[in-house]
Each structure stands twice: as C-alpha cells, then as structure tokens.
Peer 1: 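Encoded as structure tokens, here's the structure I'll be asking about.
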Protein chains: 2
Amino acid sequence: MGTRSWWGWGDLESAVAGAERAALVGRVAALLPGAGLVDHEPPPVDELGVRAPRIAAPPSLAVLCSGDVADRLGHARGKAFRDVVRNLLGDVGDVPDLVVRPRDERDVVDVLDWCTGAGIAVVPYGGGSSVVGGVEPRGLGPAISLDLAGLADVVEIDAAARAARIQAGVYGPALEDRLRPHGLTLRHFPQSFEFSTLGGWLATRSGGHYATVLTHIDELVESLRVVTPAGVSESLRLPGSGAGPSPDRLFLGSEGALGIITEAWMRLQERPEWRAGASVLFARYDDAVAATRALAQSGLNPANCRLLDPMEALLNAGTDSPGGVLVLGFESADHPVEAALERALELCRDHGGRPQPRSGARDASDTWRSAFLRMPYQRDALAAHGMIVETFETACTWGGFPALREAVVSAAQDAMRAVGAEGVVTCRFTHVYPDGPAPYFGVYASGRWGSTVTQWDEIKTAVSDVLSAHGATITHHHAVGRDHRPWYDRQRPAPFAAALQAVKSVLDPAAILNPGVLVDVPDRRT
Amino acid sequence: MGTRSWWGWGDLESAVAGAERAALVGRVAALLPGAGLVDHEPPPVDELGVRAPRIAAPPSLAVLCSGDVADRLGHARGKAFRDVVRNLLGDVGDVPDLVVRPRDERDVVDVLDWCTGAGIAVVPYGGGSSVVGGVEPRGLGPAISLDLAGLADVVEIDAAARAARIQAGVYGPALEDRLRPHGLTLRHFPQSFEFSTLGGWLATRSGGHYATVLTHIDELVESLRVVTPAGVSESLRLPGSGAGPSPDRLFLGSEGALGIITEAWMRLQERPEWRAGASVLFARYDDAVAATRALAQSGLNPANCRLLDPMEALLNAGTDSPGGVLVLGFESADHPVEAALERALELCRDHGGRPQPRSGARDASDTWRSAFLRMPYQRDALAAHGMIVETFETACTWGGFPALREAVVSAAQDAMRAVGAEGVVTCRFTHVYPDGPAPYFGVYASGRWGSTVTQWDEIKTAVSDVLSAHGATITHHHAVGRDHRPWYDRQRPAPFAAALQAVKSVLDPAAILNPGVLVDVPDRRT
C-alpha cells in the first residue's frame, strides 16, 4: 500500500492527477457547461486546530495508542462525499482523541475494559470506508477509534469445507493474496475492496461481487467471534442450523454497536475456470427491466447482472442506448457456463434486447472492475472541483420499482433545482433478486464551492424521504451509520427497535460501543 | 382433512392398518427377530383423568375457547415418538386448560392482552407437529394452546415479485391449493407438510424441499408480521436489505417465545417444467460422501441431493448397496436441467459412483414423496408395537462428518445395548451445503413396552452429547423446543443467550409466551 490520504479516498499515490484529472474534468465540462470546476487543495493538517487528546490510556495500553494529529484526522470520518468535502474545507468536526491499534483479541478485550470503566466511546474502524458516518465520533465526547488492522491473519484454512478462519482486520487485497495459493477466494468485491476489511464488511452487511444469491457478505458467514463488554460470543462453525434465532444474524449489521467482530469462519469459493459474459442493448428501459426480472427469476443465477439505465450507460460505460444496457456475467469453477448465458440472452431477446458482439468476458469484467475501483478517486477529484458527486442505493419489489425510480429521479432533480445545482441522476442495478432489484443511484451536479455539502444534504434528504414513502429500504448495502438513522428509525419495526435497545443494554451496559449507531444511548456529554 | 388423531400422527382414516400394518410389522420382525411386536391401542379419552380447566376467558373471548377434553388432549403435545408413546400409555402430562382459536389478528392481540394481564401461559400451535416438545405446556401452570388455524388466508399475491402475503395458520396442502391456480408454489415440503402451518415453519426454521441454497424456510421470507405483547412488529417487504441486523432473522426460530407470527410475505416459485433425476450407487460410503461434497460445492445446486447410507438405503429405499445410494434431482421452471444432471453424474463417476438406469424423474420423486409423507404413520404403528422408532438430525462440516457419524452410530448402539434394545441406526443427508452436510439419523430398535420412552431418552441423550462434543448443531431443522434445551444452551454463545433474554423481557414482559422455550423465565408456578 501507499500513503493513505487523511482527507479522501485511498492512497495519495493513486489520486486522479495530471492528464487523467484534466480529461475527467473536461468530460464533466462538456456534460455540464455551467459548472465552475475550480480545483481545490486539501488544507495543511497542522492548520486545522485539532485539539489535544482529552484522555490517556493506562500504561499497559499506551503502546497501542496514537495521538498523532494526521493519524487521528485519518480516523475522524468515513469516505462519503460529505466527509471528503468537509475535509477539503478544513471542517474536520469531532476527531477521535486516540487511535488505538490492538495487536490481538486480548488487546481488544483490555481496551473495552478500560473504556467501559472510563466511559470512553469506542468507534470500531476497519478500513474507514463508511459512507454513512459509521466511523465518525460525532458528538460523542471522549472517544477512541479502534483500528483493527493489526488483526489481519488468515488463521486456518479448511480445504474440505472450503472455509477459512480469518481475523477481522484484514484488508481485501491481503485476504485474497493469502487465499490465492490455495486456489480459493472469498469473491467479495465491494467497491471499497482495496480499503475495507472483513470486519467492516460483516459489521455493515456489505454487498459484493455476486449479483444473485450470495449478494451480501451475510451469506458467506459460517461463524463469528465477537468481543462484547459482556464477554466473547463465538458461534459454532455450522453449514446450516435451525437452533433458535441465528446468533450471527444479530451481529451482522450491528455496525460496532453490539460488539467488536474479531474473527470469522468464512465460506470460500474456488477460483472460476469458466466464464461467459455479454452486454445487451434495449430500445426501451421498461423492456430492459422486464428482461432483468425474467433473468432474476430464471434460476440461472448470473454472477453479474447489472442493468444500467440510459444515463448510467452513457456516463459510466460510454454506451448510447435509449433503453440502457444489461451487462451479464456467468462464472463457474466446475462447469462451462455458455449454455446459461445463451438461455439468458434468449430471455433478453424475448424482451426486445439486442445482445452485442462478445468480447472476452474476462477482459470486459476486468475492465469494469478497474473502472469500478477507480470511481472513488474520480469522485474526489470532482468533489475538489466543486462538483456534487454521490450515490445512494436501495432495494424494492419489481412492481414498486418503476414508480420508485420515477419519484427518486424527480425528487433529486427538484432538489437540485431548489439548491441551484445543475446535474444528472443515473441508476443501475447492483444486485437482483427474484422479488426485486437493488437500484443504485448516482448524482452528478455542479455545486457552489463551500456549499456542496449542504446542497447534497438537501438532495439526500429528498430522495431518502422518497425511499421511505415507497417502502424501499434506506440501504441495501451501505449500512445505516449516523447519516441514515432518521429513515432507518422509520423503517424498522418499533418492537425490533426495543429489542435492539435491550440487547445493547446487556451486551454494552456502559454504552461505549459506537454510540448513536443503531439505537439511541444516553447523552454522553452530560 | 379427516379426523385428527389426538394421540398420534395425522388423520385417523390414514393410519397404517390391516394388511399394510401386518406387512410393516412383518418386515420389522424379519430385521429384528427378537422383537416382541405386540400391538397396543390408545386409551379411551374419557379415562385419562384430564383435569377441568383452571381458567376461564373473559366473556368477549369465550367464543374462541374450547375446554373439550379431546380437543385439549390433541393440543397437549407434539408428535415426537416420546409424545406418541406417552399418549398410548395414557401418560398425558400437562394439558392446556383451554384451546383458543383466534379468527383474526385482532383476536390474537386481545388474547395476548388477556393472558398478559392474567399471567396465563400462551403456547402457540400451528399444526402441532413439533418433535421437540415445542407445543407442550410442560410445567407451565395455567396455560392456553393458541391454535392459529383460523388465520389461513392467502391475502394477496404479487405476481411480478412472485410473492404472496399469507396468514400464518394455513396448512401446507391448503396453501399449495391456493397458489396452484396462479402457477405458483412455495415449494416448502417438510415431512410434516400435511399437518403443519406456515407460521410453524417460520417459528421453527423448518427445512424443506430444496437440498441446496433454499434449504430453510428462512430463505423464502420477504417480511414478517408478528404480534408481541409489546406491540405488532411488521418488517418492510424487501428483496434484500442491509439496514441493521435483520428484524426477520430475530423472529425466525423464536418458537413462539418472542411473539406470534400472524402473517408473512413469502417468496414463491413457478411450478417446475423441467426435471431430471437419477440414483447413483457406490461401493464405498466414503466415496459417496466425497461425491456428494463435490456436488455440493459444484454450484449445480440440485433440488434433491439425498445420500442414503447403506442401512438407510436398505430399509427405506429397498436398495442393497455397500456404499449407499445418492438420489439426485434437478428441476427448473425456466430451462432444461439434463446438462446439470449429466455433469452431476460425471462428478459421481469421478468418485466411483455407478448411475442407475433412469426411470421417469417425476415418478421417482413422487414415489419418494408419498413414502416420505407416510413415514410418520408407520412410526405410529411401530411405536404401538413396542418399537423404538425415532430420528434426530444435525449439521456439521465435511471434515467433521466421518468422525461424527462414527461416534453417533457407536453411541446410539452402545446406548441401545445399555437399555437392552436391539436395533439399527441409519443416516441420510437431507440437505447439503458447500461447507458441510445436514445428516439425519434414524433409530429402529425393539423396546420394552412401557419403557420405550425412557429407553429412547437414554439413547437421545447419548447421541445429543456426541453432537455437542463434536461441535455439531443440536438441530438443523427440528427446532429446540423443550427437549433440546440442555444442548442448545451449551451450543449458543452466552452473550447471545443474554441478548435473547433481554429481548424477551421487553417484548414479553409478563413472560407468557411459550415459557421455557429458548430462554428461562421465572418459575410460573410460584
């Protein structure tokens, strides 16, 4: 890895710069002629007025702690558009008092003991890629960022079960490097892959590579080990069980508010040997959606089933198609998948789709992946140019989707007009289910430098209200964090909220774990 | 439906009788020449000394209540071997004071209000097919059996999403009858199918038709509606979500201890158009297991993948094969499945399997299903003849399976010897996962009439201890109930037990809901 950016995505060395930066900005200028597009530099770290740590660790734990300003700034928030722009503006908000790096689970236990006793908030930190305020010690009073990167080992591989015991702090690429010599792969590739960790994926119910069936990390979990202030929870390694409510499902999505996931037995895949992919153009978007639904209900289970609407196709795939483009991919480690692709294309043709001449599926998939992983860096470059560039995502039923998309796009455009921003809204499906799609929306708009965060917040509120009104989820795979709480609180059943509150009170009686995430806790400032 | 048996499985009219009964007993006599095999009749209901109800409903709810002795006896316990034999012996134990039949959700709310106020235990009852003491008011003091069969409507069908809103009290056959005209099916066929309900399947995480992927009812759930004493919980209809821990997963497997499931949006399937199936014989059981593992990891996802060990093949499929027989089935509503079967057979041949000449797959599958649904009736006939006939099931990793099976069979045989029973132990896989199988064991032994329950209990304790020692689950799809509690308590992580306890305390503060299931509650007799 290179030098991590404290203010934006990834490594400084990988930032969009020079000719790439000029070309990117040029493309935006062509799309939005009214945009100002003045470039802005991040402020110097030593001019941000970050206050000195208010707490000190006991001597036995001091070795784990860093009070370094740049280190603390790098752990102060996630990597949403609003995080990056606030950093660029020098508005760094609440910064953790210390970054604490446990070396092993014993250290995690000791740190929780210390913080429980001292009433210090503990914000678990994996790769810090949250886009929902999940790692931000917002209004928490004395707080530490618990960086789990030191727990990064693949402890054990069970080849017969195709499973591995993996520590939670391992980053995506390091994990795959460790599995590759065994011919195995987790095949969980969220967009944050390079800068996020297994523990982060588990705590946030991350969505990954597979467009169908194994859509969330949840499905790849065999067992979890979680440190809570009330003790360590470890579930049995079981391929399946019906013994009471699933313990793992309580911790999956708990976002650090119920415990610190320290390791997991994960289900792995063999590396694919057979692949087949194609793109299908449609004249009408409704037909494209119908074709995608037929595919999602066919049992063919494509690994990739990404329907780009016309604007998304134009902006992110360079394809001008009035009904959008469906990108399909099948893969298997066991058997050829050409027949599955052929049947999928037949379904598409039944709905008016026109399959495009096939390029090598591996190339197309690799090209997409590189571009996909590059997007956050591009987002940073555009954000620094005063653009509003952000995404949000949801899931809904097939029947509900057309009205939802129309309402979302219309609300986003109205909100953009209201805040004086000019821009476009795109939509793609990241995952599809027999009963509905997971639509992922992008907003690209010209903003007013200095106001783009408040402009975005208004757009985000408008579209979140639409999701809520349509019974769609506030998040399919970006988690709740602090930013989604108002809509999450409306979405979840009240008795379940009470249940979570009760669980929190027994597992984390001092309410030190990521306070404000999932459930309300007593005000920590008083 | 016919006349439900109060003491045994299903309808009186369908009992194994006459020539079928003689032939069944004859086959057992050939297998176990030492067995006594004297037939016993159930005792007359009016000679059982069932005490009068200790409670009376408020006038507004009296219309829902039955104090009839036969009715109450029919709701006093489930249909495990130990339940049936105790009934045959006239040892009826604790009987609910009233059977209460709500007509709608409003009635459920009112009944819970009454029972919360009056401190009356509420034991939810679907079809009463529990084999783990789940519907038994064992030691509860005043108790009602809440029979949900009145909530049996398919309220709404969403054809686009292939989903339906279904009331929890509907029995399997009635549900399928309602879906058939729409070309849809839930395709959830547990052995209890004819005498169990959607709500029961959901509350117990029932295992069904699909050997792979959609193994438990959990995977077919879009949303749940649950009445708790603290209010009604209704989750959004979502094909997928990452917004916090799943609310549905908390209620799935809660066995009536956290709330009463009144309805659910369920994911449906189209009726299969293409099917292909085959049986494969093996010379060595280890090879058969290896072939099954390869299949489970192939991504071919057979609907049926039932490996019978040699004894199971002999007893229940009439097949003499030293390495057992693997029964495979593929099905699809969208595309032919011959290629998938061919690849599966190739995998089997790679492991020494010998595919048998193919009969019509539909016939074979129908034959199995008829025999499968008949088994509980046969069990009753054998139980009445003093036989010990019972099953237990689990799940484990592939690497752990050989030692587990050996230990289970050996413990069962030792325990049979210790209690003076002579018999056999069989094993089949009901479901398989990439990381391990769900083995299902059968015990068929000659017992001493009057002692077969205590004999079985000793065998069951021995094998449950083995499951526990091997890190296998105490149940893959039979639930915990009251009978599995000691092993469940060892299996689940302690912090999760505390979490469940806390949830129970807020959702059911008077601890009226199925007390003793999942978590301990204060002694209700004091």
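Per chain, numbering begins at 1; letters A, B, ... match sequence-line order. Remember, it's a predicted structure, so these values are computed and weren't measured experimentally.
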Peer 1: Which is it for His477(A) and His431(A) under the ring-ring contact (aromatic ring centres under 6.0 Å, His included) test, yes or no, and what are the steps along the way?
Peer 2: CA-CA 10 Å; His477(A) 61 270; His431(A) 304 81; 5.2 Å; yes
Peer 1: Which atoms of Ala243(A) are under 4.5 Å from chain B, going by heavy atoms: the side chain, the backbone, both sets, or neither?
Peer 2: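 Ala243(A) touches chain B through backbone and side-chain heavy atoms alike.
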Peer 1: Considering only heavy atoms and a distance below 4.5 Å, find which of Trp487(B), Trp265(B), Phe251(B), Tyr488(B) pairs most often with chain A.
Peer 2: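 Most heavy-atom pairs under 4.5 Å with chain A: Tyr488(B).
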Peer 1: Please classify the contact of Leu518(B) with chain A as side chain, backbone, both or neither, using a heavy-atom distance under 4.5 Å.
Peer 2: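 The answer is the side chain of Leu518(B).
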Peer 1: Measure distances from Val213(A) to the heavy atoms of chain B and classify the residue's part below 4.5 Å as side chain, backbone, both or neither.
Peer 2: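 For Val213(A), the side chain is the part near chain B, not the backbone.
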Peer 1: Which answer fits Ala497(A), side chain, backbone, both or neither, if we ask what part of it has an atom under 4.5 Å from a heavy atom of chain B?
Peer 2: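 Neither the backbone nor the side chain of Ala497(A) comes within 4.5 Å of chain B.
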Peer 1: Chain B heavy atoms under 4.5 Å from Arg492(A): which part of the residue, side chain, backbone, both or neither?
Peer 2: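 Neither the backbone nor the side chain of Arg492(A) comes within 4.5 Å of chain B.
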Peer 1: Examine whether an atom of Leu250(A) lies under 4.5 Å from a heavy atom of chain B, and if so say whether it belongs to the side chain, the backbone or both; otherwise answer neither.
Peer 2: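 Both parts, heavy atoms under 4.5 Å.
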Peer 1: Quick one: which of Tyr440(B), Phe392(B), Tyr433(B) gives a ring pair (Phe, Tyr, Trp, His ring centres under 6.0 Å) with His476(B)?
Peer 2: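 Running ring pair (Phe, Tyr, Trp, His ring centres under 6.0 Å) over Tyr440(B), Phe392(B), Tyr433(B) with His476(B) returns exactly one hit, Tyr433(B).
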Peer 1: Examine whether an atom of Thr394(B) lies under 4.5 Å from a heavy atom of chain A, and if so say whether it belongs to the side chain, the backbone or both; otherwise answer neither.
Peer 2: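 Interface part for Thr394(B): neither.
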Peer 1: Mind ranking Val506(B), Val503(B), Leu236(B), Val480(B) by heavy-atom pairs under 4.5 Å with chain A and telling me who comes out on top?
Peer 2: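 Of the candidates given, the most pairs with chain A belong to Leu236(B).
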Peer 1: Name the region of Thr204(A), side chain, backbone, both or neither, that has any atom closer than 4.5 Å to a heavy atom of chain B.
Peer 2: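 For Thr204(A), the contact with chain B is made by the backbone alone.
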